[in-house]
Amino acid sequence: MSKKSFILSIILFVFSLFLLDRLLNEFLEKGLNQYYGIGESNEIALIGHSHLMLGLNKLQIEDTLKKGVSKYTREGVNVSDRLVMIKQLLKKNTNLKTVIYGVDAWTFTGEGLSDNSYKLFYPFLDDPIIDDYVYNNSERVEYISKKYLKSSRYNEQLISGAMRGYLKNWTNLKYGIVDTLKLMKTIENQTYRKINNNSDNIRVLEETLSLLRENNINVILLNLPTIDKLTTIQKEDFNNTFRIFKNLTNDQVEFVDFQEPWSHRYDLFFDPIHLNPKGQSLITEKLIEYLKFNDNE
Amino acid sequence: MLFNSWEFICLFSITCVVYFNIPQKYRATLLLVSSYIFYISWRWDFALVMLAVSLINYYSGLKINHSKTLKKKQYYLWFALVSSLIPLLYLKYANFFIVNINNVSKVFGASSSFSTLDVILPVGISFFTFQALSYSLDVFYGKTKVEKNVINFTVFVAFFPQLVAGPIERSSNLLKQFRDKHSFDRLNFIDGCKLFIWGLFKKVVIADRLAIYVNRIYDDPDLYNGPTLALATVFFAIQIYCDFSGYSDMAIGTAKILGFDLKQNFNLPYFSRSIVDFWKRWHISLSSWFSDYLYKPLGGNRVNYHRWLFNILIVFIVSGFWHGASWTFIIWGLLHGIYYFLENWGDAFLKLINQSKIKTYYFYKVFKTVLVFFSVCYAWVFFRASNITEAFTISYKLFFDWNGYLYLGASSVTFILCLILIALLFFVQVLQSKGIVSLNFSSSKVHPILQLLWYVSLLLAISLLGISSNSFIYFQF
């Protein structure tokens with residue numbers, strides 16, 4: 001092989017790699033944006049983690065209220081991640097009027113959610129807000145590789161999300177009924193997730209609400225039910241957390257609590273925290289009723 | 001330091017650039033320094049063990065060569081064998097023997113027991129010990145020339161591309177290559193990169209993804225039924241192949257870029273039509289090591305029938321024991337020995353009834369390929385299980401517990417992807433077996449542009465779907 005053809009081959013290889021890398025990123029990012037409803041003219045946004053993801057049916061809300069809904073929910077996102085998600089939406093969803101922000105008794109508990117949840121934002125690294133966030137949380141080598149080799153920002157779950165975005169498939173369903181015996185064992189062994197309110201996390205939520213207020217966005221702090229056994233064992237901490245949510249309300253921020261009367265309806269739960277399809281449908285219906293009622297008022 | 005790490009890419013790139021730009025006399029030293037940096041990244045004291053084994057065999061080689069009498073040569077050979085195997089036996093097998101002595105003592109009513117040792121097994125100790133020993137044995141049998149340059153010899157033992165998981169090289173192939181002058185060769189560079197990319201794809205995209213399912217099932221086999229355990233076992237068969245052959249490909253590719261030719265270690269083993277054939281295609285460097293240094297010295301097949309059976313069994317049991325200090329590995333080896341005999345007796349029976357021609361039928365070839373694959377898969381149960389009780393529990397469930405549903409893993413997307421990747425691997429291997437696609441530097445019939453797109457796609461798949469695991473399965477050996 002001559003030197004010339006060797007160099008040409010290398011150039012062609014590197015060029016093809018970067019070209020396909022960029023094309024793949026464009027394709028997947030567009031699909032993900034569609035899946036999460038980023039950059040769309042939706043009036044409502046659902047922000048939260050898997051609790052809200054499995055708890056609400058976006059299409060059911062859209063069909064009934066005739067309003068577009070962005071369901072931007074990611075597994076394991078903490079309050080800091082959600083602040084970034086909201087900043088991202090505020091920049092791209094110019095028609096946004098209401099944010100339904102998922103809360104629960106563990107919203108201010110640092111432990112238990114993913115410590116490296118910043119990795120969830122890799123696909124949106126071209127957005128300066130996300131870029132800053134990832135830069136501040138990741139290691140340099142990791143950051144540089146994700147920044148310049150764009151296909152490395154994805155994994156099979158994100159690819160699946162992108163494909164679902166193109167296919168307009170927004171169902172998030174987990175079938176089955178909670179195993180209460182297993183839960184009782186967890187409670188006996190004290191291996192359940194403890195409520196441990198962290199003042200930094202409270203401050204981040206306050207900052208989030210101020211930002212939304214500045215942008216004239218109404219906020220609903222929505223608590224979806226979790227199983228009663230899990231909250232009664234730490235009743236005092238549970239009440240304290242809910243008192244904080246109530247204190248955060250004002251003319252633009254409401255706290256909607258769906259804990260009761262469903263927390264003892266085990267047939268609605270997939271696991272102690274997440275709702276199954278039956279629970280999802282029921283709670284979505286209740287939220288729609290609430291939103292309709294508020295609209296009329 | 002793993003092949004799929006930025007640290008390795010930096011080390012290799014610097015080594016490569018410096019290697020081709022310094023005089024020949026410094027090159028072995030450079031490779032030695034790089035190899036020890038590579039190895040020290042695990043633990044510095046492990047490197048001392050490797051250095052000691054290297055120096056013992058270097059010294060023994062010189063002494064065997066200088067000795068005039070056979071007795072003296074034998075003395076130095078035994079010195080090399082014993083002193084090289086002491087670290088391996090102590091660090092890898094001491095606890096196995098202590099536990100088993102304690103168990104036997106308990107049976108005979110002993111009240112006290114020996115306490116186990118708190119030792120950590122150096123990465124790749126079985127590989128570099130066997131590689132170093134092969135040199136002393138080859139010098140003794142006159143198969144290789146003695147190496148007088150200590151740098152060349154120590155880099156032969158520590159050569160970083162194949163240091164921790166093989167292929168186990170022979171001095172007759174590799175040692176002389178450190179004396180040769182290698183110039184940067186563009187074709188070597190391209191071929192090496194291609195093989196490295198394919199190996200990396202097999203490791204981080206296929207093996208590490210299958211490992212998610214396999215680990216979940218094998219970590220708690222009591223929870224799963226026969227079909228699920230069967231699927232996990234088949235997945236493990238693919239996982240261990242992609243993990244180990246992926247490492248070998250990366251090792252051979254890396255060495256090729258530097259101008260070194262390492263031995264082929266895998267040759268489409270799951271397309272084998274017999275157990276004999278399987279062992280000629282799986283971990284070839286280890287099989288040939290045992291064949292040359294254990295089977296043949298025991299008499300090979302030039303002995304009476306019963307002695308031959310014994311020789312075969314010993315080789316398979318020692319091979320299992322080489323992999324790990326556990327009864328599970330011994331049974332794994334033993335199972336392969338039994339397969340070997342059954343196959344041999346089956347062939348003898350066909351001959352007896354004058355039906356040997358059946359072996360040429362297409363149907364029979366397919367049947368044998370499938371039979372060999374599933375037999376090997378069943379043996380993997382013992383290789384993968386944490387202990388002997390667990391292995392037998394899995395075996396029982398595989399045959400008798402077929403109630404309930406097949407568990408497909410936590411994510412259906414991951415499961416579907418696993419199936420697609422296995423199908424892709426199978427497809428590529430069919431093309432390799434037909435000589436359409438390159439296998440270990442053989443020529444490819446695919447158009448260069450398509451080849452370029454294929455390797456670009458592999459890199460993108462690695463980037464998109466690669467999972468970073470902390471190790472390779474064979475590092476533990």
Side-chain angles (χ1 to χ4, degrees), chain A residues 1-25 27-29 50 75 116 119 122-123 139-164 167 169 171 173-176 179 182 271, chain B residues 4-10 183-194 196-197 200 204-206 208-210 212-213 223 257 405 407-421 447-468:
Chain A
M1 180 181 261
S2 70
K3 196 174 181 179
K4 194 179 163 190
S5 60
F6 174 71
I7 291 170
L8 266 175
S9 303
I10 298 287
I11 291 171
L12 189 61
F13 185 84
V14 174
F15 176 76
S16 313
L17 180 66
F18 276 86
L19 180 70
L20 286 173
D21 180 62
R22 258 89 192 137
L23 288 174
L24 196 60
N25 176 59
F27 175 77
L28 293 173
E29 192 184 355
S50 56
E75 286 99 341
N116 51 12
K119 292 185 176 184
Y122 284 153
E139 287 179 12
R140 278 312 141 257
V141 176
E142 186 187 10
Y143 171 78
I144 291 167
S145 63
K146 303 293 173 194
K147 181 85 183 162
Y148 298 105
L149 193 57
K150 297 189 176 192
S151 51
S152 67
R153 300 172 181 179
Y154 300 86
N155 56 35
E156 60 240 57
Q157 307 305 337
L158 288 166
I159 297 167
S160 160
M163 298 317 293
R164 292 178 70 180
L167 298 169
N169 176 358
T171 50
L173 302 171
K174 287 234 178 194
Y175 293 92
D179 182 348
K182 195 173 160 190
D271 65 22
Chain B
N4 51 327
S5 70
W6 289 107
E7 291 88 346
F8 176 77
I9 291 171
C10 287
S183 308
F184 178 75
D185 185 288
R186 294 174 205 119
L187 274 179
N188 277 352
F189 177 81
I190 290 175
D191 284 347
C193 286
K194 280 179 180 175
F196 188 92
I197 292 169
L200 187 60
V204 300
V205 179
I206 306 179
D208 290 348
R209 181 161 277 96
L210 292 174
I212 299 169
Y213 183 83
L223 297 179
I257 294 170
Y405 296 102
Y407 174 69
L408 300 180
S411 160
S412 53
V413 178
T414 304
F415 183 77
I416 292 166
L417 189 61
C418 285
L419 296 184
I420 293 170
L421 289 168
H447 192 278
I449 294 292
L450 277 180
Q451 284 191 48
L452 182 135
L453 284 175
W454 166 247
Y455 286 102
V456 166
S457 307
L458 285 183
L459 272 184
L460 283 177
I462 290 164
S463 162
L464 194 66
L465 301 168
I467 296 173
S468 312

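All of these numbers come straight from a predicted model, not from anything done at the bench. Numbered from 1 within each chain, the chains take letters A, B, ... in sequence-line order.
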Item to check | Side chains of A/Glu142 and A/Lys119 in contact at under 4.5 Å (non-hydrogen atoms) | outcome: yes
Next on the checklist: If the condition is salt bridge (Lys or Arg N to Asp or Glu O under 4.0 Å), which residues does B/Glu7 pass it with, not counting sequence neighbours?
Outcome noted: none
Checklist entry - So do A/Asn169 and A/Met163 actually touch side chain to side chain, heavy atoms under 4.5 Å? => result no
Item to check | Heavy-atom proximity to chain B below 4.5 Å, by part of A/Lys3 | outcome: both
Checklist entry - At a heavy-atom separation under 4.5 Å, does A/Leu24 approach chain B through its side chain, its backbone, both, or neither? => result side chain
Checklist outcome for this item: Cut-off 4.5 Å, heavy atoms of chain A, and the answer for B/Leu417 is side chain
Checklist entry - Using non-hydrogen atoms only, which part of B/Ile449 is less than 4.5 Å away from chain A: side chain, backbone, both, or neither? => result side chain
Checklist entry - Non-hydrogen atoms of chain B under 4.5 Å away: do they reach the side chain of A/Leu158, the backbone, both or neither? => result neither
Next on the checklist: If I compare all heavy atoms of B/Gln451 with all of B/Lys194, which pair ends up nearest, and what's the gap?
Outcome noted: OE1-NZ, 2.7 Å
Item to check | Lys/Arg N to Asp/Glu carboxylate O, A/Glu29 vs A/Arg153, below 4.0 Å | outcome: no
Checklist entry - Is chain A contacted by the side chain of B/Phe189, its backbone, both, or neither, given a heavy-atom distance below 4.5 Å? => result side chain
